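I have placed the structure first, in the form of structure tokens, so that the comments after it can refer back to it.
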Protein chains: 2
Amino acid sequence: MGRDVDRQELALLLRRLTVELDAVGQRFAELHGLNRTDVRALVAVMDAARRGTSLTAGALGEAVDLRSASVTALVDRLERVGHLRRVRNPEDRRRVSLEMSDTAMAAGGEFFGGLQRDLMAAMSDYSDEELETVARFLTAMTDVIVRHQRPEPTARP
Amino acid sequence: MGRDVDRQELALLLRRLTVELDAVGQRFAELHGLNRTDVRALVAVMDAARRGTSLTAGALGEAVDLRSASVTALVDRLERVGHLRRVRNPEDRRRVSLEMSDTAMAAGGEFFGGLQRDLMAAMSDYSDEELETVARFLTAMTDVIVRHQRPEPTARP
DNA sequence: GCTAATCTCTCGAACATCGAGACAATCCAC
DNA sequence: GTGGATTGTCTCGATGTTCGAGAGATTAGC
């Protein structure tokens, strides 16, 4: 019985963590006069930049699950406040690549980078073996969640 | 160096987990023709019910961070589709208590209860000791996140 | 070249959220 | 009790975000 209680609490811990992490994004948004979608978009663009690529308008729409009309409005907003730049792709001039401004990059780095630094510092209290266990656990839980999220894997054509 | 890489990946795992869990909520919303806020509200009401209490309109507004005008619209929506009931509190008739309908309770239970069940099943692969480590880790990370989220603890009056 | 496909943008409508303020019920001091 | 302040919810009008439909520009296939 004690075990079940622990596991339920563990599930609650997962949820609490997501809630708090969500609140961090919310706080960043308020701090910079953005809404939730804008932050998600900036994060997506930043992640792409970190991977060495740059997102197109369409790719951003997929990343944040928005239709093209909304992406246009979204990029308009972010461009207006100077967080993003539109750059016509010279190879395929239908495409618009999105690039973060240096100031936005710096602001994001300061906010989320600081959090990341603190998280990694807090990990120092754990042995490599323990961290390995945690990683395995998180991966397993994420897999379960992903399986729930995907539409039922029904029969193939 | 290897350690740092592991830790960075661990931080990414945390983020990925929140993203996927968020997507679960999104999926539930789409499945039931709701928006994100509606789902958050239903979860809040459901949590309260599970604790044996019932939320008032004001408390719900605090829980999902919405002004009273928006809460009214929100509850209107949820009441219109039959997920919520408004119940005037007989002791303080200014208050409106919110109660979930049985169908909404059942739908939520099936969806999120099923996820919870699968999560807990997946936890069977871990020893009590390992689960304890994970719980400690998650608590520590959440604490770090919460600390980031709160406005700087500046000087006292 | 011509046609189909792809990518982004424009336009108008639908909807969520908000601030200000109205309205009703309760609490408190007297 | 009675009057005024407080509390809790709702109404109204304005603002901002999202979407569907479709236009415009560019590229790919033949």
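So you know, we letter chains A, B, ... as the sequences are listed, proteins then strands, and number each from 1. Since the model is a prediction, treat every value here as computed from it, not as a measurement.
- With rounding to whole Å, B:R95 atom CZ is found 17 Å from D:dT6 atom P.
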| field | Sequence-aligned protein contact record of nucleotides 20-30 of chain D, with B where the base is within under 4.0 Å of a protein heavy atom and S where only the sugar-phosphate is | value | B----BBS---
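- B:R36 has no side-chain polar atom (N or O) that falls below the 4.0 Å cut-off from OP1 or OP2 of C:dA16.
- The CG atom of B:D76 sits 19 Å away from the P atom of C:dA14 (whole-angstrom rounding).
- The side chain of A:T37 places an N or O atom within less than 4.0 Å of a non-bridging phosphate oxygen (OP1 or OP2) of D:dT18.
- Within the structure, a side-chain polar atom (N or O) of B:R77 is placed less than 4.0 Å from OP1 or OP2 of C:dA16.
- Less than 6.0 angstrom separates the ring centroid of A:F112 from the ring centroid of A:F28.
- Residues B:R67 and B:D65 form a side-chain contact, since some pair of their non-hydrogen atoms from C-beta on lies under 4.5 Å apart.
- Going from atom CG of A:D38 over to atom C1' of D:dG16 covers 11 Å, rounded to whole Å.
- For the pair A:D65 and B:A57, nearest-nucleotide mapping onto DNA chain D gives the more 5' position to B:A57.
- B:L74 comes within 4.0 angstrom of nothing in the nucleic acid, heavy atoms only.
- For residues 54-80 of chain A, the set of pairs meeting the ring pair (Phe, Tyr, Trp, His ring centres under 6.0 Å) definition, not counting sequence neighbours, is empty.
- With salt bridges taken as basic N to acidic carboxylate O contacts below 4.0 Å, none links A:D102 and A:R85.
- Which of D:dC10, C:dT8, C:dT17 sits closest to the side chain of B:L66 comes down to C:dT17.
- Look at CG on B:L60: it is 11 Å from P on D:dC10, rounded to the nearest Å.
- Side-chain atoms of A:L21 and B:T142, non-hydrogen and from C-beta on, never get closer than 4.5 Å to each other.
- Counting heavy atoms from C-beta on, the side chains of A:S54 and A:M100 never come closer than 4.5 Å.
- Atom CG of A:N35 is separated from atom C1' of C:dA16 by 12 Å (rounded to the nearest Å).
- Rounded to a whole Å, the CG atom of A:L78 is 15 Å from the P atom of D:dG16.
- The side-chain hydrogen bond (donor to acceptor under 3.5 Å, both in side chains) analysis of residues 34-44 of chain A, with sequence neighbours excluded, yields the pairs A:D22-A:R36, A:Q26-A:R36, A:D38-A:R77.
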